[in-house]
Amino acid sequence: MTLVPYDDRDGWIWSDGKLIPWREAKMHVCTHALHYASCVFEGERVYDGTAFKLREHTDRLLHSARILGFEIPYSADDIDRACREVIDAQKLKDGYLRPVAWRGSEQMGVSAQQSRIHLAIASWEWPAYFTPEARLQGIRMQISKWRRPAPDTAPTDSKAAGLYMICTLSKHKAEADGYNDALMFDYRGRVAEATGANIFFVKDGEIHTPIADCFLNGITRRTVIELAKKRQYRVHERAIMPSELPGFDEVFLSGTAVEVTPVRQIDSMTYQVSDVTKTLLADFDKLVREKSPTTRAAE
């Protein structure tokens, strides 16, 4: 497969208040975010030309920036309008939206309180995160040696770029070993999440998912829990220990990128892609294609 570099594409990117040609979206090598990870971002799916739960993502972007100690110089309404402008400019029907905010290059050093805060929004066509076969048959996961940090050691309630380095390391190792993704434990040794998605387990028709107290309570995670409750499934948000993993019947992931994706294996443990997972996958796929009166009015 030939890769198309992300710095050499046709199209438009919204940058600091205006659309600019894709290839002109540049930053300096001495940008604070590159050296010190002072950067937050969002990942949003676009379905039929509409970003799914756009305002929730925008609110989280603003929240993440405040946790990292800076204010994005645009309101939520401004950011929502810019996102829709990018989708329209790219003529995007189904794809991905990436708002990102960061400290600029005015200061270099750990302290950079006078640096300018930038905001850019890009979008592109992006099919399923995993292959269609993997999504239907279930992916294979490897348990990572890296753990999610404690809330008093990292800004775990933010979608901050720096938090994803151990995810990259975990996923690279998993892929090198023939797996699709990695399962990460938290600082206490409890089951936490995948490298870019939340995780759910099914036992005797009931759903169990780790408490999101040191990783993001994903927007898709909350959506899946709502869908499960509508189906009258019992949902238990609780501490899940590694010793419990062999006893579950079904496992699946949720996230903007992965949507709802079944898991058929974690290390040597195997699971069925069965009724609960299939039902919630179908319900989610149906939901994201629906448009509420509010969404239609906004368009």
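Just so it is clear, the values below take in all heavy atoms, side chains as well, and ignore hydrogens, waters and symmetry mates. In this chain, residues are counted from 1 in sequence order. Because the structure is predicted, anything quoted here is derived from the model rather than measured.
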J.: If every non-hydrogen atom of Tyr74 is compared with every non-hydrogen atom of Asp16, which pair is closest and at what distance?
T.: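 Minimum heavy-atom contact is OH-C, 3.0 Å.
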
J.: Before giving the answer on side chain to side chain contact (heavy atoms under 4.5 Å, CB included), spell out for Glu106 and Gln114 the whole-Å C-alpha distance, their side-chain angles and the decisive distance to 0.1 Å.
T.: CA-CA 7 Å; Glu106 288 76 15; Gln114 303 306 312; 5.8 Å; no

J.: Provide the closest heavy-atom pair for Asp267 versus Gln142 in the form atom of the first, atom of the second, distance.
T.: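 Looks like OD1-CA, 3.4 Å.
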
J.: Arg98 side chain to Glu42 main-chain N or O, any donor-acceptor pair under 3.5 Å?
T.: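 Indeed, once roles are kept as given, a pair shorter than 3.5 Å links the two residues.
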
J.: Any side-chain heavy atom of Ser254 within less than 4.5 Å of one from Phe284?
T.: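 Ser254 vs Phe284: side chains apart.
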
J.: Should Leu68 and Met108 be counted in the same cluster of Ile, Leu, Val, Met, Phe, Trp and Tyr side chains packed under 4.5 Å apart?
T.: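 No, separate clusters.
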
J.: Check step by step if side-chain hydrogen bond (donor to acceptor under 3.5 Å, both in side chains) holds for Tyr179 and Lys173.
T.: CA-CA 9 Å; Tyr179 295 86; Lys173 175 66 165 56; over 6 Å; no

J.: Among Trp126, Tyr6, Phe41, find the one that has a ring-ring contact (aromatic ring centres under 6.0 Å, His included) with Tyr96.
T.: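 Of the listed residues Trp126, Tyr6, Phe41, the ring-ring contact (aromatic ring centres under 6.0 Å, His included) partner of Tyr96 is Trp126.
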
J.: Which atom names give the shortest non-hydrogen contact between Lys93 and Val46, and what distance separates them?
T.: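 For Lys93 versus Val46, the nearest heavy atoms are O-CG1, 3.6 Å.
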
J.: So Glu193 and Asn198, do their side chains get closer than 4.5 Å, heavy atoms only?
T.: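 Result yes, sub-4.5 Å side-chain heavy-atom pair found.
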
J.: Please check if the side chain of Lys171 supplies one atom and the backbone of Asn180 the other of a donor-acceptor pair under 3.5 Å.
T.: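 The answer is yes, because a donor-acceptor pair under 3.5 Å joins these two groups.
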
J.: Between Glu71 and Arg66, is there a salt bridge with N-O shorter than 4.0 Å?
T.: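 The answer is yes: the pair qualifies as a salt bridge.
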
J.: Among residues two or more places apart or on two chains, list those pairs meeting side-chain hydrogen bond (donor to acceptor under 3.5 Å, both in side chains) that have a residue in residues 31-40.
T.: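 Passing the test, one end in residues 31-40: His32-Ser38.
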
J.: Which pair of heavy atoms, one from Leu281 and one from Pro262, lies closest together, and at what distance?
T.: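 That would be CD1-CD, 3.9 Å.
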
J.: State whether Glu244 and Lys203 are salt-bridged, where the test is any N-O pair (Lys NZ or Arg NE/NH1/NH2 against Asp/Glu carboxylate O) under 4.0 Å.
T.: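 No, no charged N to carboxylate O under 4.0 Å.
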
J.: Looking just at side-chain N and O atoms, do Glu44 and His57 make a donor-acceptor pair shorter than 3.5 Å?
T.: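 Glu44 vs His57: no donor-acceptor pair found between side chains.
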
J.: Below 4.0 angstrom, N of the basic side chain to O of the carboxylate: do Arg55 and Asp77 qualify?
T.: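 Yes, charged N to carboxylate O under 4.0 Å.
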
J.: Return yes if some donor-acceptor pair links the side-chain N/O of Glu250 with the main-chain N/O of Thr277 below 3.5 Å, else return no.
T.: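 Present.
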
J.: With the threshold set at 4.0 Å, does a side-chain nitrogen-carboxylate oxygen contact exist between Asp94 and Arg289?
T.: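 Yes, this pair counts.
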
J.: Got a salt bridge between Glu125 and Arg9, using NZ or NE/NH1/NH2 to carboxylate O under 4.0 Å?
T.: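 No, this pair does not count.
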
J.: For Gln90 and Asp10, work out which heavy atoms get closest and say how close.
T.: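 Closest pair (atom of Gln90, atom of Asp10, distance): NE2-O, 4.2 Å.
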
J.: Tell me whether Ile219 is reachable from Phe252 by hopping between hydrophobic residues (I, L, V, M, F, W, Y) whose side-chain heavy atoms are closer than 4.5 Å.
T.: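 No, because Phe252 and Ile219 fall into different hydrophobic clusters, even though each may have its own neighbours under 4.5 Å.
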
J.: Please check if Trp124 and Trp12 belong to a single hydrophobic cluster, counting links between Ile, Leu, Val, Met, Phe, Trp and Tyr side chain heavy atoms closer than 4.5 Å.
T.: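 No; tracing contacts between hydrophobic side chains, which count when under 4.5 Å, never links both residues.
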
J.: What are the two closest heavy atoms between Asp249 and Tyr271, and how far apart are they?
T.: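 That would be O-CB, 3.6 Å.
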
J.: Would the distance check show the side chain of Arg140 and the main-chain N or O of Gln265 forming a donor-acceptor pair, the cut-off being under 3.5 Å?
T.: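 Not at all, since once roles are kept as given, no pair shorter than 3.5 Å links the two residues.
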
